[in-house]
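Since the structure comes first, as C-alpha cells, the remarks are kept for the end.
Just so it is clear: chains get the letters A, B, ... in the order the sequence lines come, proteins before strands, and each one is counted from 1.
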Amino acid sequence: MSNKVRVRFAPSPTGPLHIGGVRTALFNYLFAKKHQGTFILRIEDTDQNRYVEGAENYIIESLQWLHLPFDEGPTIGGNYGPYRQSERKDIYKKYIDQLLHSGNAYYAFDTPEQLDFHRKSHEAKGETFIYNWHNRLQLENSLSLTTEEVKKRIDSGKKYVIRFKSPENETLILNDIIRGEIKIDTHVLDDKILFKSDGMPTYHLANIVDDHLMEISHVIRGEEWLPSLALHVLLYRAFGWGAPEFAHLPLILKPQGKGKLSKRDGDKMGFPVFPLAWKTEESISRGYREDGYFPEAVVNMLALLGWNEGDGTEKEIYSLEELIKAFSLEHVSKAGAKFNPDKTKWFNQQYLQQKSDDELAEMFQLILNKKLENSHLVKNDKEYVKRVIALLKERATFVSDFWPLGSFFFIAPTSYDEKSVRKQWKETTTQVMKELITVLKSAEDFSSSSIENVVKDWITTKEIGFGKVMQPLRISLVGALQGPHLFDIMEIIGKDETILRIEKAIDKL
RNA sequence: GCUCCAUUAGCAUAGUGGCUAGUGCAUUCGACUUUCCAUCGAAAGACAAGGGUUCAAUUCCCUUAUGGAGUACCA
C-alpha cells in the first residue's frame, strides 16, 4: 500500500443526499486536498431493494454544485474501478470464498423468519438475541451441521447467507483519529452477515474489500459507523490486510430537542436539509440551491459543523481554499453538532455582502424579469439595477430579498401600509406635501445630497418638523416606512417619478 | 437491556493543571438613521453533579445523571 492519501465518499443511492452526508463528503474532500491526495466517489448500491432511480445523479450534481469535484468515481472512471458496488459483484465473491476457506466465515441457513422468532422470544424474556459464539452451534449453519448436510443444502438450492465468525474472547484496542483509543470486547460482537442470500455482499464486506482494493488510506465517515468499527478491523485482520486509519465524524443534531437532524425537522422549521431540491410523485423536498443559498455559504456553514480551526481563532468565513489549508481531523470535535438554520442564513448574508454589485445585479435580473412584466420604470437597465443593489445590499441575505426590499424602485406603490398611514398621514399632511412638490420642482440638481439640502432648508425655514415631512414622503414613495435613505431613493427614481408618486399619494390618501 | 460515544452560556465553539474562561449567532440596552431594517457600541449569560489525584482542576481519573448512536439478509 502506498502512503498516498486516498479517501472516499461512499453514499448509498437511496434518495437525496442528506446534509450530513454532504458534510462527510466535504470533510473527505478537504482532507484529501489538504494532503494532495485523491478524493473518490463510490456508490454503495448493494441493497437492491432500496435503490432509488436518479439518486446517483443527484449525488453527483450536488457535489458539482458545491464545487467538490471527485477525482475518481462513476461516470469519470479511474484506475480502481468500477466505482459502483453493484458492478463489483464478482470481486466480492472471490474474497468471501477466501474467508470461508480460512475459517473466518461460515454458511448459515437460518431463515429470516427463524431469526425473527429468536429475537422475539428473547425480547419477551428481556434478553437480546445475539448470533455469535455462545449459540452458533445450536443454530443452522456450517459449523453445527455436518459437511455432507451443508453440501446437500447448498446443492439443493437452499438459500443461505455467509456470516463472519467473530472471535470469542479478546479485547480489541481500536484507534480513531478523532476519539483516540476505543476498547471493545469481542464476546459482545455478533456474527454479522457478510453475504446476503441474494448474492450481494453487505456493506460490511463490500466496504472492506473496496477500501483495500482502492487503497483507501483514511476512512472518514459518520459516527453511526463507530459500533461497526470492531467488525471492520477484525475483517481486515481476517484477510491479512493492513487497515486504513479511521475517523468518525460527530452527528449533526436537530436544532431543537434531541436526536439527529432529519428531513422532518427541516419541513417543520422551514429550512432545507438537502443540497438540491428533490421531487417525487408525492412531494418536493426543498434544497439549498433552490432556496437561494450560495454554494460557498453552504460549504462554509457545513465545515464549521463539528470542526474549528482551533488556536482561539475568531475566523468564521472561509473560502474553500482556506478551508483546505486550515483543515485537520484533529480539530474535529467529538460531540454532536447542533444544526443552526439561522447561522446558515447569516453565512449566506456574509457571502452576499462580499459579492460585487455587478454580480448581484446579474442574478437579480433573472428575478426582475419575471416581476416586471408591466412596469413603466425599467426593464433591462443594468446600471439602474446596480445602483439599486448598492443601496439594498447591506440589508439583504438572499438575492431574492432585493425584490421585497426594493420593489418600489421598479414599480410605484399600488397600496400604502395602513398602519403607517394612520400614524403618519395627518390632516395637514396633504398641504405639506403639496408645498413639497413645489419645492422639489424648483430643484435643478436632483442628486441625493442636493435635494436633501433643499428639502432640509425648506423644513427649517418653514418650521414644519422633520417627521411631518419625511414620514409621509416615505409612504408616498415606498408605500411603507421602510427602505434605504429617502433622498437616495429620490435620486434613483428621478424627479418626475418622485413628484408623480407624491401626487398620487395626495390623491389617494 | 447490551455495546460504544458524548456533555463549556439559548445555540455553535475556543481554551488552560494556577491570574477577570475567549469568539460568533441569538437576546437586552444604547448610538446612528425621525425606517421595530442595516451598521456601530455596550450589557447579560457557561465549564452537568458528586467523589478522588494534586499545593492547585473546567482541564487528569472514577461514579452518577442526561443525551446520542448502534444493536437488520439497510447503509
Send over the distance from [X] [atom1] to [N] [atom2], rounded to a whole Å.
{"X": "A:I252", "N": "B:G68", "atom1": "CD1", "atom2": "P", "answer": "17 Å"}
{"X": "A:K343", "N": "B:C11", "atom1": "NZ", "atom2": "P", "answer": "14 Å"}
{"X": "A:L231", "N": "B:A75", "atom1": "CG", "atom2": "C1'", "answer": "14 Å"}
{"X": "A:Q350", "N": "B:U39", "atom1": "CD", "atom2": "C1'", "answer": "12 Å"}
{"X": "A:F195", "N": "B:C74", "atom1": "CZ", "atom2": "P", "answer": "12 Å"}
{"X": "A:K125", "N": "B:C2", "atom1": "NZ", "atom2": "P", "answer": "17 Å"}
{"X": "A:K338", "N": "B:G68", "atom1": "NZ", "atom2": "P", "answer": "10 Å"}
{"X": "A:K254", "N": "B:C11", "atom1": "NZ", "atom2": "C1'", "answer": "16 Å"}

Mate of [N] where both pairing distances stay under 3.5 Å, Watson-Crick or G-U:
{"N": "B:C19", "answer": "none"}
{"N": "B:G70", "answer": "B:C2"}
{"N": "B:A43", "answer": "B:U27"}
{"N": "B:U33", "answer": "none"}
{"N": "B:U58", "answer": "none"}

Are any of [X]'s side-chain N or O atoms less than 4.0 Å away from OP1 or OP2 of [N]?
{"X": "A:K196", "N": "B:C74", "answer": "yes"}
{"X": "A:Q482", "N": "B:U33", "answer": "no"}
{"X": "A:R119", "N": "B:C73", "answer": "yes"}
{"X": "A:T46", "N": "B:A75", "answer": "yes"}
{"X": "A:R50", "N": "B:A75", "answer": "no"}

So if I take every side-chain heavy atom of [X] and compare against [options], which nucleotide ends up nearest?
{"X": "A:L251", "options": "B:A75, B:C5, B:G68", "value": "B:G68"}
{"X": "A:R179", "options": "B:A75, B:C73, B:A6", "value": "B:A6"}
{"X": "A:E223", "options": "B:U13, B:C5, B:G24", "value": "B:C5"}
{"X": "A:L226", "options": "B:C4, B:C73, B:G68", "value": "B:C4"}

| Aromatic centroids of A:W278 and A:Y58 separated by under 6.0 Å |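 Distance test on ring centres: under 6.0 Å, yes.
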| Presence of salt bridge, A:R179 and A:E223, under 4.0 angstrom |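 Result for this pair is yes, salt bridge flagged.
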| query | Is it true that A:E87 and A:R84 make a salt bridge, defined as a side-chain N closer than 4.0 Å to a carboxylate O? | reply |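 Judged by the 4.0 Å cut-off on N to carboxylate O distance, A:E87 and A:R84 do form a salt bridge.
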| task | Please tell me if the side chains of A:L100 and A:Y107 come closer than 4.5 Å, counting only heavy atoms from C-beta onward. | result |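 Heavy-atom side-chain distance check passes, below 4.5 Å.
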Looking at every strand, decide which applies to [X] at a 4.0 Å heavy-atom threshold: base, sugar-phosphate, or nothing.
{"X": "A:G222", "value": "nothing"}
{"X": "A:K334", "value": "sugar-phosphate"}
{"X": "A:K183", "value": "sugar-phosphate"}
{"X": "A:N132", "value": "nothing"}
{"X": "A:S12", "value": "sugar-phosphate"}
{"X": "A:P11", "value": "nothing"}
{"X": "A:T14", "value": "nothing"}
{"X": "A:H485", "value": "base"}
{"X": "A:Q471", "value": "sugar-phosphate"}
{"X": "A:L481", "value": "base"}
{"X": "A:Q349", "value": "sugar-phosphate"}

| Which is it for A:F27 and A:W307 under the ring pair (Phe, Tyr, Trp, His ring centres under 6.0 Å) test, yes or no, and what are the steps along the way? | CA-CA 9 Å; A:F27 282 23; A:W307 171 84; 7.3 Å; no
| A:G336 or A:K192: which one's nearest nucleotide on RNA chain B is closer to the 5' end? |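 In this pair, the answer is A:G336.
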| query | Start at the 5' end of RNA chain B and walk down; is the nucleotide closest to A:A10 or to A:I184 reached first? | reply |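 The residue mapped nearer the 5' terminus is A:I184.
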| Is a donor-acceptor pair below 3.5 Å formed from side chain A:S228 to base B:G70, judging by atom type as modelled? |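 Per atom types, no contact qualifies.
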| Is the backbone of A:P112 close enough, under 3.5 Å, to the side chain of A:D116 for a donor and an acceptor to pair up by distance? |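 Judged by distance alone, no pair lies under 3.5 Å.
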| Spacing of A:L139 atom CG and A:F129 atom CZ [to the nearest 0.5 Å] |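 If I round to the nearest 0.5 Å, the distance is 5.0 Å.
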| said: I need the A:N308 CG to A:S333 OG distance, nearest 0.5 Å. | reply: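 The CG atom of A:N308 sits 8.0 Å away from the OG atom of A:S333.
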